[in-house]
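Here is the structure we will look at, set down as structure tokens.
Position 1 is the first residue of the sequence; numbering continues from there. Not measured: the values here are computed from a predicted model.
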Amino acid sequence: MLGIIINGYLDIPYWSFGENIMKKKLQIFVSSTFTDLKEERQAAVEAILKSGNIPAGMELFTAGDKSQLETITRWIDDSDVYCLILDNM
């Protein structure tokens, strides 16, 4: 599922969750290149928090036994929404 952030507000199509959309906090994985889009990532996290949902992203990863790819894949699979931030530089 794709979430869209417009003017600092998270927009998720209601048809994506049926009638239960307001009853569940969503885990939203934020993805982008990291160093060049820090401000945009922060804005996305703030919008997610403002909407009452739970942000997830690479900033929250801790060092562990698993490979980084395995960890990212698990976090994405466990998330309800995938938010991809793109820049056209």
Heavy-atom pair of closest approach, residues [X] and [Y]:
{"X": "Leu26", "Y": "Val81", "value": "CD1-CG2, 4.1 Å"}
{"X": "Val30", "Y": "Ala44", "value": "CG1-CB, 4.2 Å"}
{"X": "Ser79", "Y": "Phe29", "value": "OG-CB, 3.5 Å"}

To the nearest 0.5 angstrom, please state how far the [atom1] atom of [X] sits from the [atom2] atom of [Y].
{"X": "Leu84", "Y": "Ser32", "atom1": "CG", "atom2": "OG", "result": "8.0 Å"}
{"X": "Ile28", "Y": "Ile48", "atom1": "CD1", "atom2": "CD1", "result": "4.5 Å"}
{"X": "Gln42", "Y": "Glu40", "atom1": "CD", "atom2": "CD", "result": "11.0 Å"}

- Query: Any donor-acceptor pair under 3.5 Å linking the side chain of Thr33 with the backbone of Asp36?
  - Reply: no
- Do Asp80 side-chain atoms and Gln27 backbone N/O form a donor-acceptor pair below 3.5 Å? yes
Side-chain heavy atoms of [X] within contact of [Y], under 4.5 Å:
{"X": "Arg74", "Y": "Thr71", "answer": "yes"}
{"X": "Glu46", "Y": "Arg41", "answer": "no"}
{"X": "Met58", "Y": "Trp75", "answer": "no"}
{"X": "Pro55", "Y": "Leu49", "answer": "yes"}

- Item | Cluster overlap Ile76 with Ile54, hydrophobic side-chain contacts below 4.5 Å | no
